[in-house]
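Structure record follows, encoded as C-alpha cells.
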Amino acid sequence: MKPESDLITEKESTAVLAINVGQPRPLPGQKHEVLSGIMKHPVSTPVFLSFTGMSGDAQADLVHHGGPDKAVCVYDYSRYAVLERLMNRKLNWGAFGENLTVTGCAEEEVRIGDIFQLGDAQMQVSQPRQPCFKLGARYDYKELPVYFQESGHTGFYFRVLQEGQVALGSQFRKIHTDPSSMTVLEANRIMHQGKQNVEGIQMLLALPALSESWRQTLLKRLNKLGSNGDSSPQVGI
C-alpha cells in the first residue's frame, strides 16, 4: 500500500487545456520600450520541456522571471470567468502568460512540492506566481496585479525534475502530494497578507521544495522582524 502522502484521489484529476509559448515583444502603452514574454500563444505540436523551460518560449527579464525554479508557469482555467467579467473582455488561452492553462490546479488544490507528470516530463510546484505590473500593462488594466495578489489566485510555477516531450493530449496527473505541505493559496496569504506572521513565515521556509527566490525574500523579512516579530498566527495554515 502506498504511503498516505502519495495517495491521489479522483477529486484531484487534472487536464491541460493549452500549452502556450512566446518570445519577448514590446508591451503596449509604455512610455519606453518594455520587452516581455507574457504574450504567449497556444501550440498544437509537441514541445521539449527542459530544466529551464519549453522550447519556443523565452523571458525578457531573466532577473525576475524564468530559471530552474520558474521553468513553467501554470494557471487554472477556473479563474478565467471572474477575470473576464472584471475586465469586460473575452480571454484566450495563455491570457496571463502561463505556459500551461489547466483544470484541477486551483491555488487551494495544489501544494508546494506537489509533483506532476505531463507526457515524458515530471514537474514540481516550487512557488506561487509573483504578480507583476506586466499583467496589467498587457490589458491596460493597472489594477490587475493587485487583484491577483489580494485574491491569491496567482497561479504558480513548476521546476522540472525530469525533462521530456510534452504535447496537448499528453496525460497530466499529480503523482505525489504531501498533505502536511502548504497550499499555493496559503503561501500567497503569508507572503502578501501575513508579513508580520513569524510562525507562518517559518512554516513556509520549512518546506524543502520552496523556491530559492521566495526563501531569500522570507529570510530577509524574518531577519528584519527579529525578536519584535509577532509570532501569533495571522493566516489559516
Side-chain angles (χ1 to χ4, degrees), residues 13-27 34-80 91-107 109-132 134-135 137-139 148 153-176 184 209-214:
S13 60
T14 55
V16 172
L17 302 178
I19 296 175
N20 313 294
V21 300
Q23 293 293 313
R25 289 190 287 159
L27 274 173
V34 177
L35 295 177
S36 174
I38 197 171
M39 291 164 282
K40 302 192 187 301
H41 60 274
V43 292
S44 56
T45 55
V47 298
F48 183 74
L49 179 56
S50 75
F51 293 123
T52 54
M54 293 182 174
S55 59
D57 192 56
Q59 298 81 34
D61 178 3
L62 296 179
V63 174
H64 300 100
H65 303 285
D69 276 345
K70 294 180 281 187
V72 182
C73 185
V74 186
Y75 205 66
D76 196 278
Y77 182 65
S78 65
R79 307 304 189 197
Y80 268 54
L91 297 169
N92 298 318
W93 303 129
F96 305 105
E98 73 269 19
N99 298 112
L100 298 177
T101 310
V102 301
T103 60
C105 289
E107 292 79 7
E109 299 173 302
V110 174
R111 298 180 182 275
I112 305 297
D114 280 357
I115 299 175
F116 288 75
Q117 181 91 31
L118 176 61
D120 298 329
Q122 287 187 7
M123 307 164 294
Q124 183 180 48
V125 179
S126 59
Q127 67 163 77
R129 179 184 185 163
Q130 198 84 3
C132 171
K134 295 175 183 178
L135 282 166
R138 180 179 184 183
Y139 296 107
F148 270 59
H153 301 165
T154 59
F156 58 90
Y157 285 106
F158 280 137
R159 64 168 59 87
V160 176
L161 302 179
Q162 177 178 304
E163 298 180 316
Q165 288 285 117
V166 300
L168 196 61
S170 297
Q171 186 180 33
F172 177 55
R173 62 191 182 96
K174 189 186 296 185
I175 60 174
H176 171 81
V184 169
L210 186 68
S211 71
E212 185 61 24
S213 62
W214 266 50

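For reference, positions follow the sequence shown, starting with 1. Everything numeric here is computed off the predicted structure, so don't read it as measured data. Because only heavy atoms are used, hydrogens play no part in the values below, and waters and symmetry mates are left out as well, while side chains stay in.
- Formation of a donor-acceptor pair under 3.5 Å by the Arg138 side chain with backbone atoms of Ala95 is found in this model.
- At distances below 3.5 Å, not a single donor-acceptor pair connects side-chain atoms of His41 with backbone N or O atoms of Asn20.
- For the pair Tyr157 (side chain) and Ser211 (backbone), a donor-acceptor distance under 3.5 Å is absent.
- When the side-chain hydrogen bond (donor to acceptor under 3.5 Å, both in side chains) test is applied to Glu212, the partners found at least two apart in sequence or on another chain are Gln216.
- Although no hydrogens or angles enter the test, the distance criterion places no donor-acceptor pair under 3.5 Å between the side chain of Asp120 and the main chain of Glu163.
- For the pair Arg79 (side chain) and Gly155 (backbone), a donor-acceptor distance under 3.5 Å is absent.
- Every pair tested for salt bridge (Lys or Arg N to Asp or Glu O under 4.0 Å) that includes a residue from residues 94-105 fails, sequence neighbours excluded, so the list is empty.
- Remark: side-chain polar atoms of Tyr77 are not paired, donor with acceptor, to backbone N or O of Ala18 under 3.5 angstrom.
- Remark: Leu135 CG to Gln130 CD distance equals 11.0 Å, nearest 0.5 Å.
- Test Val16, Asn99, Leu118 against Val166 for side-chain contact (heavy atoms from CB on, under 4.5 Å) and you get one pass: Leu118.
- By the side-chain hydrogen bond (donor to acceptor under 3.5 Å, both in side chains) test, Ser50 pairs with Thr52, sequence neighbours left out.
- Relative ring orientation between Tyr80 and Phe96 is described as perpendicular, the plane-to-plane angle rising above 60° on a 0-90° scale split at 30° and 60°.
- Proximity of a side-chain donor or acceptor of Thr14 to a complementary backbone N or O of Phe172 within less than 3.5 Å is detected.
- Panel note: side chain Glu107, backbone Thr154; a donor-acceptor pair is recorded below 3.5 Å.
- Of the possible donor and acceptor atoms, none in the side chain of Thr101 sits under 3.5 Å from a partner among the backbone N and O of Trp93.
- Atom CZ in Phe116 sits 11.0 Å away from atom NE2 in His176 (nearest 0.5 Å).
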